[in-house]
Amino acid sequence: MFEPNSTIGWASDRLIATTRDLLTFLRSPKLTDNGLQKTGKPGDVIWLFAINCMIVAAIAILLIPVMLVFDISMSNSMSDLFGRPVWQLLLIVVIVGPIVEELMFRSWLTGSPRLLIPLSGLILWMALTYSYEQLGWDGPASMGTAILLALIAGAVLIGVIALWKRPVPGWYVRIFPVVFWIQALLFGSMHVFNYAGDNPAALLPFVLPQTVGGLIWGYARIRYGWWANIAMHMAYNLIATSGLVYILLTRPDVL
């Protein structure tokens with residue numbers, strides 16, 4: 001369709017090649033294939049991000065009628081967030097949010113023991129604090145929380161130091177395909193609380209953009225390194241909120 005040496009032809013070739021690599025990985029996520037471990041050129045992240053945006057744009061077009069039919073709106077927490085001053089909104093949504101979410105969902109995805117240990121500590125902390133609240137343990141809550149946090153932090157630090165140079169465990173390599181897809185599905189489903197509506201089932205399609213992000217950013221984590229998924233997440237959130245930010249700056253009376 002395009003001349004091989006033309007700019008459009010070159011861009012088309014890069015998009016096709018990046019899409020092919022992405023689909024190959026998603027069909028069978030692997031850690032053992034050295035060709036898919038941080039071998040991608042940093043500049044290729046731009047093409048991967050372009051693919052991400054095109055997929056999400058197509059999904060958004062399909063979801064607009066669903067939003068209108070089922071009267072889907074932002075949840076109260078999201079409305080409160082977008083009611084903040086613009087600089088706070090950008091700080092939370094574009095910088096803090098992506099960093100925290102990527103640390104939680106994809107920083108450990110390579111399977112390095114020194115990264116799996118902090119994840120285990122986080123899961124343990126969440127489970128114990130939940131149990132602590134449910135059991136209603138007597139005594140000052142602040143003291144119990146501080147002691148619990150100190151114990152877990154100490155255990156995590158010791159574990160990270162002890163396992164710093166350990167290779168990726170064989171069991172993790174074997175279950176990696178399942179782990180990879182689970183992290184993406186959990187990441188997507190977590191965002192269902194961003195929306196509100198009378199029909200809970202109608203909310204599920206609205207987490208598809210985040211689920212796609214979980215897959216593509218997870219691939220970026222493996223293929224290009226930790227910086228790529230964080231940068232893509234930040235850029236995605238900036239684009240996703242740019243229209244609302246523009247309205248907040250130019251027509252604050254509309255919201």
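Since the structure is predicted, the reported quantities are computational estimates derived from the model, not experimental observations.
Ring orientation note: the planes of Phe180 and Phe176 are tilted relative to one another, at an angle of 30° to 60°.
Across Ile92 and Pro98, no two heavy atoms sit closer than the pair O-CD, 4.1 Å. Here the closest non-hydrogen pair linking Asn229 and Gly225 is OD1-O, 3.3 Å. Of all the heavy atoms in Leu15 and Ala50, the pair that sits closest is CD2-CB, 4.1 Å. What you find for Pro177 and Pro29 is that their closest heavy atoms are CG-O, 3.2 Å. Closest heavy-atom contact between Ile239 and Cys53: CD1-SG, 4.2 Å. Closest approach of His191 and Val207 over heavy atoms only: C-CG1, 3.8 Å.
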task = For the pair Tyr219 and Leu48, evaluate side-chain contact (heavy atoms from CB on, under 4.5 Å) and give the outcome as yes or no after the intermediate values.
result = CA-CA 10 Å; Tyr219 165 77; Leu48 187 61; 3.7 Å; yes
ask   = Under the side-chain contact (heavy atoms from CB on, under 4.5 Å) criterion, do Glu101 and Met190 qualify, and how do the steps go?
value = CA-CA 11 Å; Glu101 290 181 351; Met190 177 188 73; 3.7 Å; yes
message = Determine whether Leu215 and Leu22 satisfy the following criterion, side-chain contact (heavy atoms from CB on, under 4.5 Å), listing intermediate values before the conclusion.
response = CA-CA 9 Å; Leu215 293 171; Leu22 172 64; over 6 Å; no
request  = Report the C-alpha distance between Leu115 and Leu109 in whole Å, list the side-chain angles of each, state the deciding distance to 0.1 Å, and finish with yes or no for side-chain contact (heavy atoms from CB on, under 4.5 Å).
outcome  = CA-CA 8 Å; Leu115 298 177; Leu109 201 53; over 6 Å; no
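The shortest side-chain heavy-atom distance between Ile222 and Thr110 falls under the 4.5 Å cut-off. The shortest side-chain heavy-atom distance between Pro169 and Pro113 falls under the 4.5 Å cut-off. Residues Arg223 and Asp21 have side chains in contact (heavy-atom distance under 4.5 Å, counting atoms from C-beta outward).
Under a hydrophobic clustering in which Ile, Leu, Val, Met, Phe, Trp and Tyr are joined whenever their side-chain heavy atoms come within less than 4.5 Å, directly or via other members, Tyr195 and Phe193 fall into the same cluster. In terms of hydrophobic clustering, with Ile, Leu, Val, Met, Phe, Trp and Tyr side chains grouped at heavy-atom distances under 4.5 Å, Ile46 and Met232 are assigned to different clusters. Connection of Val96 to Tyr236 is established within a shared hydrophobic cluster, with ILVMFWY side chains joined at heavy-atom distances below 4.5 Å, either directly or through further cluster members. In the hydrophobic clustering of this structure, Met234 groups with Trp226; members are Ile, Leu, Val, Met, Phe, Trp, Tyr whose side-chain heavy atoms approach within less than 4.5 Å, directly or through other members. Note on Val94 and Met78: same hydrophobic cluster, where clusters join Ile, Leu, Val, Met, Phe, Trp and Tyr whose side-chain heavy atoms are under 4.5 Å apart, directly or indirectly.
Atoms OG1 and CZ, on Thr241 and Phe82 in that order, are 6.0 Å from each other to the nearest 0.5 Å. Atom CG of residue Leu124 and atom OG of residue Ser120 lie 8.5 Å apart, to the nearest 0.5 angstrom. Note that OG1 of Thr211 is 9.5 Å distant from CG of Leu186, once rounded to the nearest 0.5 Å. Note: Leu26 CG to Thr19 OG1 = 10.5 Å, rounded to the nearest 0.5 Å.
Side chain to side chain, Ser75 and Ser77 meet the donor-acceptor criterion of an N or O pair below 3.5 Å.
Here the side chain of Asn237 pairs a donor or acceptor atom with the backbone of Val93 at under 3.5 angstrom.
For the ring pair (Phe, Tyr, Trp, His ring centres under 6.0 Å) with His233, the qualifying choice from Phe105, Phe187, Phe49 is Phe187, the only one to do so.
Counting non-hydrogen atoms of other residues, nucleotides and ligands closer than 6.0 Å to CG of Asp80 gives a total above 12. Shown here is Trp227, whose CH2 atom has more than 12 heavy atoms of other residues, nucleotides or ligands within 6.0 Å.
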N/O donor to acceptor pairs below 3.5 angstrom from side-chain atoms of residues 57-74, sequence neighbours left out:
none

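Contacts classified as salt bridge (charged side-chain N to carboxylate O under 4.0 Å, His left out) and involving residues 104-120 (residues at least two apart or in different chains) are given here: Glu102-Arg106.
With sequence neighbours excluded, the residues that form a salt bridge (Lys or Arg N to Asp or Glu O under 4.0 Å) with Arg14 are Asp44.
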